[in-house]
Structure formats: structure tokens, C-alpha cells
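Some notes on the structure that comes next.
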There are 2 protein chains.
Amino acid sequence: MGVHINACNKCEIRDTALCSALPEVEADRLHKIAYRRHYPQGKVIFDGGEEPESFAIVISGVVKLVRTKRDGRQQIVGLQFSSDFVGRPFGDLGSLMVEAATDIELCCLTRKPFENLLQQHPILERVLLQRTFDELDAARQWMFVLGRLSARAKVASFLQHVVERSHRVVGKDPVTVCPQQQFELPLSRTETGDYLGLAIETISRQIAQLKTEGIIETVGLRAMRVLDFPRLQAWAENEG
Amino acid sequence: MGVHINACNKCEIRDTALCSALPEVEADRLHKIAYRRHYPQGKVIFDGGEEPESFAIVISGVVKLVRTKRDGRQQIVGLQFSSDFVGRPFGDLGSLMVEAATDIELCCLTRKPFENLLQQHPILERVLLQRTFDELDAARQWMFVLGRLSARAKVASFLQHVVERSHRVVGKDPVTVCPQQQFELPLSRTETGDYLGLAIETISRQIAQLKTEGIIETVGLRAMRVLDFPRLQAWAENEG
DNA sequence: ATTTCCACTTGACCTAGATCAAAGGAGCCG
DNA sequence: CGGCTCCTTTGATCTAGGTCAAGTGGAAAT
């Protein structure tokens, strides 16, 4: 992976994986159609109606992908962290709703120009293909969590996942997780329930339990600290 | 979608979506590196060790994608039916195990030549990208089933899915589901449990229930007939 | 400061589905 | 044909987690 200087605080696309694979000239073209955009927590970015007008890479914050049934029940089918992408070139997102779980910064690529670039530069498309396969892997990983783990293991898996992803930043190599380090929870209890397929009371109880066992420590409602990472991991695997 | 004559019963790749998007000349090149292969039910096609030597499209039968944990618990994270693909060019499948759920025919594309073709013909890569996004959508759809549905709704969803996919055949446009039509169950009860995140006894009871309500009719252990498709669909949505 | 509101927590139940255990049934072999 | 094995069904419990209801606490409004 090449070293990149963040040449532009307007879009920061040079720091993304999409860009880092590219030769300088093509990176420039990508840069020309990129712009940065901020959304406040809770803002719906795309709601399944019309085609979204752009493709985006998450710079900071967390985006949630939600699938809703008419009766109101919803399942969060994905969380996109810093450096993940959102959108589907040459197609639409289906019935997916995209929402800012926290305040977020996106690096947006206007749809048409981005599709043109993809067509002209196969290497770009290659990178996108690989990332899409990675997403698919992650989705399948999560299917295991939903289908086979106990409530406690689900909660532990979730916390582990958030810790690991929160400390990774666009343009930086993955940061080793520093224990004791505080991190933000991107989801409310209700949302966490929708992500894990659990009732909110269950989430609450499991977190309480992890606290009394000295594995985690909460800092207000939306942040916590992991005191015993190995033990958290053990729980995430259903051993206890 | 263009009309294609199955020019080759040796590989049948001309019938696949991968090929149907291509101009004649490139379709020929694809055809040259394709070969057909048969696997008996239960055969492990790829077990997560070394890189698979090829990419494949399912011609007939059902392939299951399994994620296993060291303690033996496993989750079936995907079923690939006729016309679906299996594999990941330019990368590996991760910890996924691929197994023939029924007797299957695959149209295989040797890895290296296929990757070369992909590099030379961006249109091919485009098609693959779209199919990968489709897979991702399907995986997320399934996450909803796993996370939010009751046992009965899971079983109904599963049956519905199998019916719909079973009647679609490589090279043919989707066949409208004909009620009363018999279809094969690609999975044993145990496997169904691993797919739905349920105990096998629960599967058995739910199927029994659907039978006594006159919604389905079993034909031996590995086949059945849907008598009341609308009501099956209603169950799949948790209404009943 | 005090009220209000809302998200979270905690407690007391209760059901869906897991688990355990005991029959069926179907294919296979002698 | 009978006996064996393996898978499935059915029955009887048990329990994790859902549901319902009553607090609690922190932030914004008054």
C-alpha cells in the first residue's frame, strides 16, 4: 500500500482504498468528481424511493443500512464504518434505507461521472469488485452471528466489532486496538436490538452483566471502555 | 435479454448470465476455457484450505456455502441454485466451505484464464460486479429472516425460496411458479436447521403444522408440493 | 432549581423454541 | 424377509429471551 498525503481536505478521496490502488493520473480524475458532505445523526441519506444520485465512501462516523417491512419491524443489515462504501453503481439499492447512525462525513462521487470513470478505468472496477466481495463476506459472517449465537455472544460480538472498526481511520493503517481505550457506541439500545435481532431489554441486561463481571465499563450511555478484551472475545464465541 | 441457443452441451456457459451480456466474439473466448463438472451429493468442493482452482456457475442442483466454527456449530450462509455463481476471482473464499447439497453440475472456469479474460474484457467484470451486488442484497435479505422472523416464518420463507429458485433454470427465463408442482428439498432437516438457525425438531414440527393446515403436502422426505401458495407466503411474513 | 420527557434499566412474568428422550420409517445388507 | 442403522417425527420438559410494567436518570425546557 502506497503512502498518500492527504492532498485535499475538501474530499479526502486520496486516502480511500478506491484511490490508493490507482496510478496518479487516474486518482486525479477521481478527485475531480469527488466532494465531501456532512450529515447529522439520524438524517436519512437514501430511503429506497428514487435512485441515489451518488456513490459514497464513509470518511468518519457510522452509516446504518436498514431493511424495513411494512409492519414496522426493521433489521439493520449493515453498519458502514470509516473507509467503507455505500451505494451501487449501475444499479439501485433495492429496498434498503441508508441513514446516518452518528454524525458523518461522506466522500461522495456523483453517479454518472463515477460510472463513466469506472467504465474507462477497469482497475477502478476491480477495486470495487474486491470491496463488494469483502462486504459479502462480512454479511455472511454476520449471518452466523444472527443465526447461531446466544444473546450474550451477540452483544459481545457487536461490541468487539465496534471497537475494532472504530479505531480504523480512512487513510491510516489499521490501528491496533488499545485496551482501556474509550470508544463511542454508534447505535442506541433500540438500534442495537434491530441489529442483533434482540429486544432492547435483553441488550440492556447483557450490557449490565458484562459490566458486573468487570469486562466493560460504561461512560455515559453512548460510550464505553473495554477492560478485559480477551474475556470479551471469549464471550463473543459463546464460551464463558 | 438476448436469445441464446445452447451451442455446447459440454459446458453450457452460453446459457449463463455471465455470457448472455457478451458480444459473440468474447462469448467464444469464455467458452474455450469453460468445462463442465459433476459432483455427487455431499461432496466437498472447497474446504477453505488452499485457493480453489476455479470459478464456477451452477448448471443444475444446489450448492451450499457453510461457515464453520471450531466447536462444530455451523451456519449455512448461502444456497447457490441453478445460474448462481460460486467463487471469487482475484481472491480467496476466506473460511467458507463449499459443498454439493444435491448432485450438481458446475460450469467451471479455470482460475487464471478466467482472471485474464476479466482483465481484458471489462464488460465481463461489470456483469460479475452486478451479480456480486445481487448476492450481497440476497445475503442481507436473509439477515432479516434470521434476525426477525419466528420459526414458522423462517420455515415458510425457506420453502418459498426453494420453490422459486428451483423452477428457474440456466438459460431459461424464470418460470412462473406452478402451484401443485412438486419440488425437491435440497437440504436434510439438519441442514435446514443450520440454514435457518433452528433445531431440527423445530423444523420437523413446523413442517408437520404446515401439512395439517393443508398448506403443503410432502412426497417422501426430500420432496413436497405447495397446495396453498398465498397462505405459505402469508406465513413467511409472520402473519397467520 | 424544578419539571418534563425520553431513553434506558430493572423486575416479574410467560411463551417460543431448545433440549432430552423415546418412538417411528426408510434404505441397506445379509 | 428380518435386522440394522440412520434420519425423522413426536412427546415431555426446561430455559433463554420476549413481553409487560414499573422505576431511574440525564438532558433540555421552564
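Please read these numbers as outputs of a predicted model, since none were measured by experiment. All chains are named by letter (A, B, ...) in the order of the sequence lines, taking the proteins before the strands, and each is independently numbered beginning at 1.
- Atom CD of B/Q41 is separated from atom P of C/dG27 by 13 Å (rounded to the nearest Å).
- To the nearest angstrom, C1' of C/dG17 lies 17 Å from CZ of B/R148.
- Ring planes of B/F183 and B/H167: perpendicular class, angle over 60° (limits at 30 and 60°).
- Side-chain atoms of A/D103 come within 3.5 Å of backbone atoms of A/Q41 as a donor-acceptor pair (strictly under, hydrogens ignored).
- B/I57 has its side chain within reach of B/L18: a pair of non-hydrogen atoms, C-beta onward, lies under 4.5 Å apart.
- By the 4.5 Å heavy-atom criterion applied to side chains, A/Y35 and A/C107 are not counted as neighbours.
- The overall bend of the helix from C/dA1-D/dT30 to C/dG30-D/dC1, read as the angle between its terminal helix axes built from five base pairs each, is 30° when rounded to 10 degrees.
- The side-chain heavy atoms of B/T192 and B/I200, taken from C-beta on, include no pair separated by under 4.5 Å.
- When atom types are taken as modelled, the side chain of B/Q80 and the backbone of B/F85 share a donor-acceptor pair closer than 3.5 angstrom.
- Side-chain N/O atoms of A/T202 include one lying less than 4.0 angstrom from OP1 or OP2 on D/dG18.
- Distance, B/M224 CE to D/dT9 C1': 14 Å, rounded to whole Å.
- With values rounded to the nearest 0.5 angstrom, A/Q130 atom CD is found 9.0 Å from B/T132 atom OG1.
- As a whole-Å value, the separation of B/W235 CH2 from C/dA16 P is 11 Å.
- Residue A/G193 is out of contact with every strand shown, counting any heavy-atom pair closer than 4.0 Å.
- The distance from atom CG of B/L185 to atom P of D/dT8 is 10 Å, rounded to the nearest whole Å.
- Using a 4.5 Å heavy-atom threshold, the side chains of A/L79 and A/E191 count as separate.
- Under the 4.0 Å criterion applied to side-chain N and carboxylate O atoms, A/R73 and B/E237 are not assigned as salt-bridge partners.
- A distance of 9.5 Å separates CZ of A/F144 from OG of B/S95, quoted to the nearest 0.5 Å.
- Straight-line distance from the CD1 atom of A/I203 to the P atom of D/dA16: 17 Å, rounded to whole Å.
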Taking only N/O atoms, report every protein-nucleotides 3-8 of chain C pair under 3.5 Å with atom names and distance.
from: C/dC8; atom 1: OP1; to: A/R189; atom 2: N; distance (Å): 3.2

Distances under 3.5 Å between protein N/O atoms and the N/O atoms of nucleotides 11-14 of chain D, please, pair by pair.
from: D/dG11; atom 1: N7; to: B/R205; atom 2: NH1; distance (Å): 3.0
from: D/dG11; atom 1: O6; to: B/R205; atom 2: NH2; distance (Å): 3.4
from: D/dA12; atom 1: N6; to: B/R205; atom 2: NH2; distance (Å): 3.4

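- Going from atom CD of A/Q209 over to atom P of D/dA16 covers 12 Å, rounded to whole Å.
- In this structure, A/K69 places its NZ atom where more than 12 heavy-atom neighbours from other residues, nucleotides or ligands lie under 6.0 Å away.
- Remark: B/N238 CG to B/K154 NZ distance equals 10.5 Å, nearest 0.5 Å.
- Of the candidate nucleotides C/dT19, C/dG17, D/dT19, C/dT19 has the atom lying nearest to any side-chain atom of B/A199.
- Within 4.0 Å (heavy atoms only), B/I207 reaches no atom of the nucleic acid at all.
- Counting to the nearest Å, the C1' atom of D/dC7 and the CG atom of B/D194 are 15 Å from each other.
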